[in-house]
Structures are given as structure tokens and as C-alpha cells.
Amino acid sequence: MNAYDEYMKGIVQPMRQELVDAGFTELTTADEVNEFMATTKGVSLVVINSVCGCAAGLARPAVREAIKEVKPEHLVTVFAGQDREATEAMRGFFEEIPPSSPSIAILRDGQLEYFIPRDQIEGYPVEQIREHLTGVLKQACGQ
């Protein structure tokens, strides 16, 4: 690993940990993504994490708050720009959606049910993003 990669690994660790501490499982390789997608049943919340400010100040806080109210069976995350193969593999499961990070996907039995792209995160208040996600999760989880 070169000095840049080592530096970035250290920088993003708290950004990764924020979701892990909230109960998310990190998928860091394409194999992990493919295995998860091949075997998962039920509702999954997938966060495509990012280094940007809208991930830190909006997406991650909104997600953490939303899952306190409605928690689907599976919580997973991939990190765009860091775990490139894993992110590419996850995005391959919803190819019709242009790449966007941060973004949030709701899947049922591995099939995309709803997607919140960056342009519905950036520039919106965290409360509005949380309410949007909570509403979608309530519907997906039958609440």
C-alpha cells in the first residue's frame, strides 16, 4: 500500500465506523457484495458511503436516525472511492441508476425497491432526508 492509500485509509476510518457503530456491515470486496446479494432475503438498507460533506453532515446522520424508528433486516454499506470493487459490484445490481455517492438503496430480496441519489441528499435538511427515508422504510417493512 502506498503512502496516499495509507493516509486515506486513516482519514476515512471514522466515516466507516459511524455506520458500523450504527449496526451496518461493511462490504469491502466484490465477493462480499456478491455473496450478500445472492443470499439475502427480506428488506436491506444499502448506504453508498462517501468522504464528502453531504455524506458526513446529511446522509449518515439521517440514516442513523431513520433506523432508530424503522430497522430493516439487513444494514450494509460500501464506500465509494475507497472500496472501488465492492462499490462497483453493488452498483451493478441497480445498473439503471447512475452512480451517485452518497446514496441510499432499499432492496427486497436483493432487488432494488427504492433509491435516494445524492441530488436528493445534498442541499436538503437532515430532518427532511430522515423523514423521506423513514417513510420509505416504513412502506418497505410493512409498518
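As the structure is a computational prediction, the values presented were derived from the model and not from experiment. In what follows, every heavy atom counts, from backbone to side chain, and hydrogens, waters and symmetry copies are set aside.
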Under a single-linkage definition using a 4.5 Å side-chain heavy-atom cutoff for Ile, Leu, Val, Met, Phe, Trp and Tyr, are [X] and [Y] assigned to the same hydrophobic cluster?
X	Y	result
Val136	Leu19	yes
Phe24	Phe36	no
Ile11	Ile48	no
Tyr114	Ile104	yes
Val33	Val47	no

Should [X] and [Y] count as side-chain neighbours, where that means a heavy-atom distance under 4.5 Å?
X	Y	answer
Val43	Ile106	yes
Ser103	Arg118	no
Ser101	Arg91	yes
Met15	Phe79	yes
Pro72	Ser44	no
Thr25	Leu75	no
Leu133	Leu45	yes

Return the minimal non-hydrogen interatomic distance between [X] and [Y], and the atom names on each side.
X	Y	value
Leu58	Val126	O-CG2, 3.5 Å
Cys141	Arg108	N-NH2, 4.5 Å
Ala22	Ile67	O-CD1, 3.5 Å
Ala55	Pro61	O-CD, 3.8 Å
Ile129	Ala62	CG2-CB, 3.5 Å
Ala140	Glu113	CB-OE1, 3.6 Å

How long is the span from the [atom1] atom in [X] to the [atom2] atom in [Y], to the nearest 0.5 Å?
X	Y	atom1	atom2	result
Ile121	Ser100	CD1	OG	6.5 Å
Glu85	Asn34	CD	CG	10.5 Å
Thr29	Asp83	OG1	CG	8.5 Å
Thr77	Glu18	OG1	CD	10.5 Å
Gln111	Met37	CD	CE	7.0 Å

Let's go through Glu69 and Lys138 carefully: what are the C-alpha distance in whole Å and the side-chain angles of both, what is the deciding distance for salt bridge (Lys or Arg N to Asp or Glu O under 4.0 Å) to 0.1 Å, and is it a yes or a no? CA-CA 9 Å; Glu69 193 170 333; Lys138 281 180 177 179; 2.9 Å; yes
Can a salt bridge be assigned to the pair Glu73 and Lys41 using a cut-off of 4.0 Å between side-chain N and carboxylate O? no
Between Lys9 and Glu6, does any NZ, NE, NH1 or NH2 come within less than 4.0 Å of an OD or OE carboxylate oxygen? no
What about Tyr124 and His132, are their ring centers closer than 6.0 Å? no
Between Leu107 and Phe93, is the side chain to side chain contact (heavy atoms under 4.5 Å, CB included) condition met? List the steps. CA-CA 10 Å; Leu107 311 174; Phe93 286 97; over 6 Å; no
Is it true that Arg16 and Asn49 share a donor-acceptor pair across their side chains at a distance under 3.5 Å? no
Would you say the side chains of Thr28 and Glu32 form a donor-acceptor pair under 3.5 Å? yes
